[in-house]
Amino acid sequence: MRKWIVFLILIGSLLGLVGCTEKTTAGKESEQKNRVTEQEKKLEEQKASEAAKKAAAEAEAKRIAEEEAKKPKVINVVDPSTKNIVKSFIPVEMGFGTDNERYRQELEKWARELARGTDTTPGYDTKMVLDKIDANGQVTKGKPRVILEEAELVTNVIEASANGGEVFLPIYVNESGYKPEDAAYLSEVVVATYSTKFNPSITGRNKNIELSAQAIDNVIVGIGDIFSFNHTVGPSDAAHGYQPAQEIVNKELVMGIGGGICQTSSTLFNAVDQLAIDYVEWHHHSLTVGYVPTGRDATVSYGGKDFQFKNTAGVPFLIKTIYNSNGTFTVEVRTSAAFQSLLQKR
């Protein structure tokens with residue numbers, strides 16, 4: 001009987017343990033489920049918060065955009081070299097959108113003055129100072145040609161006017177059109193020459209011919225280069241050694257400083273005219289001159305009329321002058337033997 005009692009007690013204990021185990025397992029499952037629910041809730045709250053922030057940011061961006069749209073658009077014209085703003089303006093105040101033709105005309109006038117300068121302010125455009133060969137056969141460097149493209153600037157500004165912003169000046173720098181290694185050979189062959197005569201006894205005028213001849217001597221004219229007589233010779237005034245001599249002004253012979261330099265420019269014209277060059281600027285005297293045939297002269301005046309030509313002959317060439325105090329003046333055009341067959345003539 002005692003054995004049965006012990007047996008029953010053992011069975012009861014085991015059943016109790018099983019019951020406890022079931023209760024413990026059920027509790028853990030419930031706790032885990034609550035934890036998952038909490039995490040899901042936090043994730044939902046986080047998503048809602050992020051969505052609210054995004055909506056607020058979009059609303060703020062829209063508000064700023066609307067405010068910006070109400071503001072007048074501003075154009076800043078920038079110098080690409082210095083990064084400085086050269087002009088800042090509001091297009092609508094100049095007629096953009098209401099009178100586009102007037103707006104374009106205003107821009108064209110401004111671009112022209114910016115490029116070419118005014119009476120008080122120099123422009124961006126500068127003529128090329130051509131390289132020269134010195135007495136030792138070394139090249140003396142000049143300066144490149146600088147051009148501000150007016151039409152391109154106006155177009156760029158108009159295209160940017162609706163939204164505003166920066167517009168960079170379209171500035172182009174052109175170096176002389178020859179290779180440095182060719183310079184030493186450009187005096188090899190004479191391809192064109194022209195001579196004029198003068199009275200050896202008129203010392204003032206002859207000195208002016210001599211000085212201007214020295215100024216253009218040994219000048220290298222590369223392919224595509226533009227030669228300017230006034231820019232190359234410079235001021236023909238007393239400060240630069242020029243003498244009083246007769247010159248033609250308004251169909252009259254008058255005394256002036258630098259008279260006679262037109263014989264230099266006219267002799268140069270007749271020499272280079274034998275080549276296939278293009279004339280940029282060329283003027284006749286108001287009276288006939290005795291040192292070249294009628295219509296074959298080229299008058300010049302520093303700060304006024306100029307003689308300019310562009311080298312379209314296909315090869316670089318050298319201008320050589322020969323002043324002889326006995327009364328002859330010669331201009332030769334030379335190039336290298338390698339270029340001679342490539343040179344284009346009229």
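Taking all atoms of both residues into account, the shortest heavy-atom contact from Asn208 to Gly259 is ND2-O, 2.8 Å. In plain terms, the two heavy atoms of Gly95 and Tyr103 that are nearest each other are C-CB, 4.0 Å. Of all non-hydrogen atoms in Asn270 and Gln274, the two that sit nearest each other are O-NE2, 3.2 Å. In terms of heavy-atom proximity, Thr193 sits nearest to Ala271 at C-CB, 4.5 Å. Scanning all heavy atoms of the two residues, the minimum distance from Ile223 to Gly314 falls at CD1-O, 3.3 Å. The minimum heavy-atom distance between Ser176 and Gly222, with the atom names listed, is OG-N, 3.9 Å.
Within the 3.5 Å criterion, the main-chain N or O of Leu186 finds no donor-acceptor partner in the side chain of Thr335. In this structure, the side chain of Thr328 does not engage the main chain of Asn324 through any donor-acceptor pair within 3.5 Å. Checked by atom type and distance alone, the side chain of Lys132 never pairs as donor or acceptor with a backbone atom of Gln138 at under 3.5 Å. Side chain of Asn311 to backbone of Val315: a donor-acceptor contact under 3.5 angstrom is found. In this structure a side-chain-to-backbone donor-acceptor pair under 3.5 Å is present from Asp134 to Asn136. In this structure, the side chain of Ser336 engages the main chain of Phe339 through a donor-acceptor pair within 3.5 Å. Side chain of Thr155 to main chain of Ala151: a donor-acceptor pair is present (N/O by atom type, distance under 3.5 Å, no hydrogens or angles). When atom types are taken as modelled, the side chain of Asp306 and the backbone of Ser228 share no donor-acceptor pair closer than 3.5 angstrom. Looking only at distances, a side-chain donor or acceptor of Asn230 sits under 3.5 Å from a matching main-chain atom of Lys305. Formation of a donor-acceptor pair under 3.5 Å by the Asp217 side chain with backbone atoms of Thr321 is found in this model.
Within 6.0 Å of the NZ atom in Lys87, the count of heavy atoms belonging to other residues, nucleotides or ligands exceeds 12. Counting heavy atoms of neighbouring residues, nucleotides and ligands inside a 6.0 Å radius, atom CZ of Arg145 does not exceed 12 of them. The environment of OH in Tyr185 is sparse: at most 12 heavy-atom neighbours from other residues, nucleotides or ligands sit within 6.0 Å. When the shell of 6.0 Å around CG of Asn163 is examined, it contains 12 or fewer heavy atoms from other residues, nucleotides or ligands. Summarising the local packing, NZ of Lys345 is surrounded by more than 12 heavy atoms from other residues, nucleotides or ligands at distances under 6.0 Å.
Taking 4.0 Å as the cut-off between side-chain N and carboxylate O, Lys141 and Asp131 count as a salt-bridged pair. Taking 4.0 Å as the cut-off between side-chain N and carboxylate O, Arg102 and Glu106 do not count as a salt-bridged pair. Contact check on Glu210 versus Lys207 returns a salt bridge, with a Lys/Arg side-chain nitrogen under 4.0 Å from an Asp/Glu carboxylate oxygen.
Between Lys73 atom NZ and Phe96 atom CZ the span is 11.0 Å, to the nearest 0.5 Å. Note: Ser266 OG to Phe329 CZ = 10.0 Å, rounded to the nearest 0.5 Å. Rounding to the nearest 0.5 Å places CD of Glu113 at 14.0 Å from OH of Tyr124. The CD atom of Glu45 sits 12.5 Å away from the CD atom of Glu50 when rounded to the nearest 0.5 Å. The CZ atom of Phe168 sits 11.0 Å away from the CD1 atom of Ile171 when rounded to the nearest 0.5 Å. If you take CG on Leu169 and OH on Tyr172, they are separated by 11.0 Å, rounding to the nearest 0.5 Å.
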_Intermediate values then yes/no, salt bridge (charged side-chain N to carboxylate O under 4.0 Å, His left out), Arg112 and Glu108_ = CA-CA 6 Å; Arg112 184 166 54 252; Glu108 287 173 347; 5.7 Å; no
Practice item. Given side chain to side chain contact (heavy atoms under 4.5 Å, CB included), test Asp297 with Phe269 step by step and report yes or no. Key: CA-CA 7 Å; Asp297 59 317; Phe269 160 75; over 6 Å; no
Determine whether Ile261 and Tyr302 satisfy the following criterion, side chain to side chain contact (heavy atoms under 4.5 Å, CB included), listing intermediate values before the conclusion. CA-CA 10 Å; Ile261 64 169; Tyr302 188 78; over 6 Å; no
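Side-chain contact check for Val333 versus Leu318: every heavy-atom pair is 4.5 Å or farther apart. Side-chain atoms of Tyr242 and Val233, non-hydrogen and from C-beta on, do get closer than 4.5 Å to each other. The closest side-chain heavy-atom distance from Thr140 to Ile133 is not below 4.5 Å. With contacts defined as side-chain heavy-atom distances shorter than 4.5 Å, the pair Glu152/Asn156 qualifies. Within the 4.5 Å cutoff, no side-chain heavy atoms of Val154 are placed close to those of Glu150. Looking at heavy atoms from C-beta onward, Asp225 lies in side-chain contact with Leu130 at the 4.5 angstrom threshold. Met94 has its side chain within reach of Phe89: a pair of non-hydrogen atoms, C-beta onward, lies under 4.5 Å apart. Using a 4.5 Å heavy-atom cutoff, the side chains of Ser195 and Thr267 are not in contact.
Cluster membership for Phe229 and Val129, using ILVMFWY side-chain heavy atoms within less than 4.5 angstrom, is not shared. A continuous path of Ile, Leu, Val, Met, Phe, Trp and Tyr side chains, each step under 4.5 Å between heavy atoms, connects Ile220 with Ile277, placing both in one hydrophobic cluster. A single hydrophobic cluster is not seen to contain both Val272 and Ile226; linkage of ILVMFWY side chains at heavy-atom distances under 4.5 Å, directly or through other members, places them apart. When hydrophobic clusters are built by joining Ile, Leu, Val, Met, Phe, Trp and Tyr residues whose side-chain heavy atoms come closer than 4.5 Å, directly or via intermediates, Val78 is not grouped with Ile147. Hydrophobic clustering (ILVMFWY, side-chain heavy atoms < 4.5 Å, transitive): Val191 and Leu342 are in one cluster.
Ala337 is linked by a side-chain contact (heavy atoms from CB on, under 4.5 Å) to Glu188, Val189, counting only residues two or more places apart in sequence or in another chain.
No option in Tyr279, Tyr194, Trp282 other than Tyr279 meets the side-chain hydrogen bond (donor to acceptor under 3.5 Å, both in side chains) test with Asp273.
Ring-centre distance between Tyr323 and Phe198: below the 6.0 Å cut-off.
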